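Taking it in order: structure first as C-alpha cells, then the write-up.
Given the structure is predicted, the values throughout are model-derived calculations rather than measurements. For this chain, numbers begin at 1 and follow the sequence in order.
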Amino acid sequence: MEDITYWLPLVWAALLATAVALYIVLDGFDLGLGILFPLAPEETRRDTMMNTVAPFWDGNETWLILGGGGLFVAFPKAYSIIMPAIYIPMIVMLLALVFRGVAFEFRWVSKPRHGVWDLAFLGGSIVASFSQGVILGALLQGIAVENGAYAGGSFDWLTPFALFCGLCVVIGYALLGATWLIMKTEGDTAEWARKLATPLLFAMLACLVVVSLWTPLTLPRIAERWFSWPNLFWLSPIPLLTAFAAFRCWVGLESLNKRSDITPFIWSIVLFMLCYVGLMISNVPYLIPPTLTVWDLAGHPSAQLFSLVGALIMLPVILGYTVFVYWTFRGKLKPGEGYH
C-alpha cells in the first residue's frame with residue numbers, strides 16, 4: 001500500500017478541484033445574470049431574470065466556502081502563501097458578493113425605490129466575476145515564494161495578464177447567464193438572451209485563443225507541458241473537444257426548436273469545464289506554480305484524514321440538497337411567476 005502521505009494530498013486536491021468546478025458552474029450563471037442586468041432595462045425582464053435563480057443563488061455559493069475552507073484545512077501552507085499574494089482581489093470579491101447578496105434580498109422589499117439595489121446587484125456581480133478572473137490570472141502567472149513564505153508585494157497580482165483573465169471570466173459568466181435564461185424562460189426574454197448569447201460565445205472563444213497563446217509564450221513551463229512530445233499527442237483532444245463544444249453550443253443557439261433550449265447551457269458548461277481541465281493540466285501537480293506541489297504544501301496527515309471524514313459525510317448532503325432544489329424548480333419560469 002502506498003504511503004498515506006502520498007495519497008491524502010491527492011484526494012484533497014481532487015475534492016478542492018471538484019468544489020471549484022461546481023462553484024464555477026453553479027454560481028457562474030448566477031453572476032452572469034447580474035452582468036447582463038444593464039442590457040435589460042425593462043423592469044419585468046429584470047424581475048424575471050432574478051426569479052430564475054431565486055431558489056438557487058445562495059446555495060450555489062456553498063461550494064466557494066467548501067473550497068476556501070478545504071484549502072485552509074488540507075493545505076494550510078498554501079493558504080498562508082496564496083492569501084497574502086491575492087489579499088486585495090480576494091477582499092474585493094468577498095465584499096462584492098456581500099453587496100450582491102444583500103441587493104438580491106432588499107431589491108424586492110424596497111420596490112418601487114429599488115434603483116440602488118439594482119446597481120448593487122449589477123456592480124457586485126461584475127466586480128466579483130472580474131476579481132475571480134484576476135485571482136486566477138495571478139495564480140497562473142506564478143507566486144513568488146522564498147523560505148516557505150510569500151516573497152512578493154501587495155500588487156504583484158496587478159498585471160495585464162491577470163486583468164485580461166478578469167475580463168475573460170466576466171464574458172464567460174455572461175455567456176452562462178444568457179444560456180441559462182434561454183433554458184429557463186420563454187417568449188421575449190428567451191429570445192433576447194439568445195441574441196446576446198451568440199456574440200458572447202464568440203467573445204469567449206476569442207478570449208480562449210488569446211489566453212491559450214499568451215500562457216505558453218510567457219510561461220515556459222506551460223509551453224513544455226503542452227507542446228513537448230508525447231504530451232502534444234496525448235493532450236491534443238482537449239482543444240479539439242473545446243472547439244466541438246463551442247460548435248455544438250452555437251448550433252443550439254441557432255436552432256429554432258424549443259426542445260433544444262437546454263443544449264446551449266449544457267454545451268457552455270462543457271466549454272467551461274474543458275477550459276478548467278486545460279488549466280489543471282497546465283499546472284498539475286503544482287498547487288502554487290511554478291515551485292510548490294500538493295505534497296510540499298500538505299497539512300499533517302492526521303489533520304487531513306480527520307477533516308476528510310467530515311468532508312465525505314457532508315459532501316453527499318450538499319450534493320443531495322443541490323440536486324433536490326434544482327429538480328424541484330426544474331422547467332421554464334412562466335411570465336408573472338416568481339419565488340421571492
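Residues R221 and N283 bring a donor and an acceptor atom of their side chains to less than 3.5 Å of each other. Between the side chains of S268 and T179, at least one donor-acceptor pair of N or O atoms lies under 3.5 Å. Looking at R100 and S125, their side chains do bring a donor and an acceptor atom within 3.5 Å of each other. Side-chain atoms of W295 and T5 include no donor-acceptor pair closer than 3.5 Å.
For N231, the CG atom counts as densely surrounded, since its 6.0 Å shell holds more than 12 non-hydrogen atoms of other residues, nucleotides or ligands.
A distance-only check finds a donor-acceptor pair linking the side chain of W12 to the backbone of Q304 [under 3.5 Å]. Judged by distance alone, the side chain of Y6 and the main-chain N or O of P9 form no donor-acceptor pair under 3.5 Å. A donor-acceptor pair under 3.5 Å is formed between the side chain of K332 and the backbone N or O of T185. Judged by distance alone, the side chain of R46 and the main-chain N or O of A40 form a donor-acceptor pair under 3.5 Å.
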- Query: Is there a side-chain hydrogen bond (donor to acceptor under 3.5 Å, both in side chains) between D47 and T44 once you walk through the steps?
  - Reply: CA-CA 5 Å; D47 289 346; T44 55; over 6 Å; no
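In this structure, E191 does not pair ionically with R45, as no charged nitrogen and carboxylate oxygen lie closer than 4.0 Å.
F29 and I262 fall within a single hydrophobic cluster, where Ile, Leu, Val, Met, Phe, Trp and Tyr side chains are chained together by heavy-atom contacts under 4.5 Å.
For P264 against G252, the heavy-atom pair with the smallest separation is CG-C, 3.6 Å.
Using a 4.5 Å heavy-atom cutoff, the side chains of I182 and F265 are not in contact.
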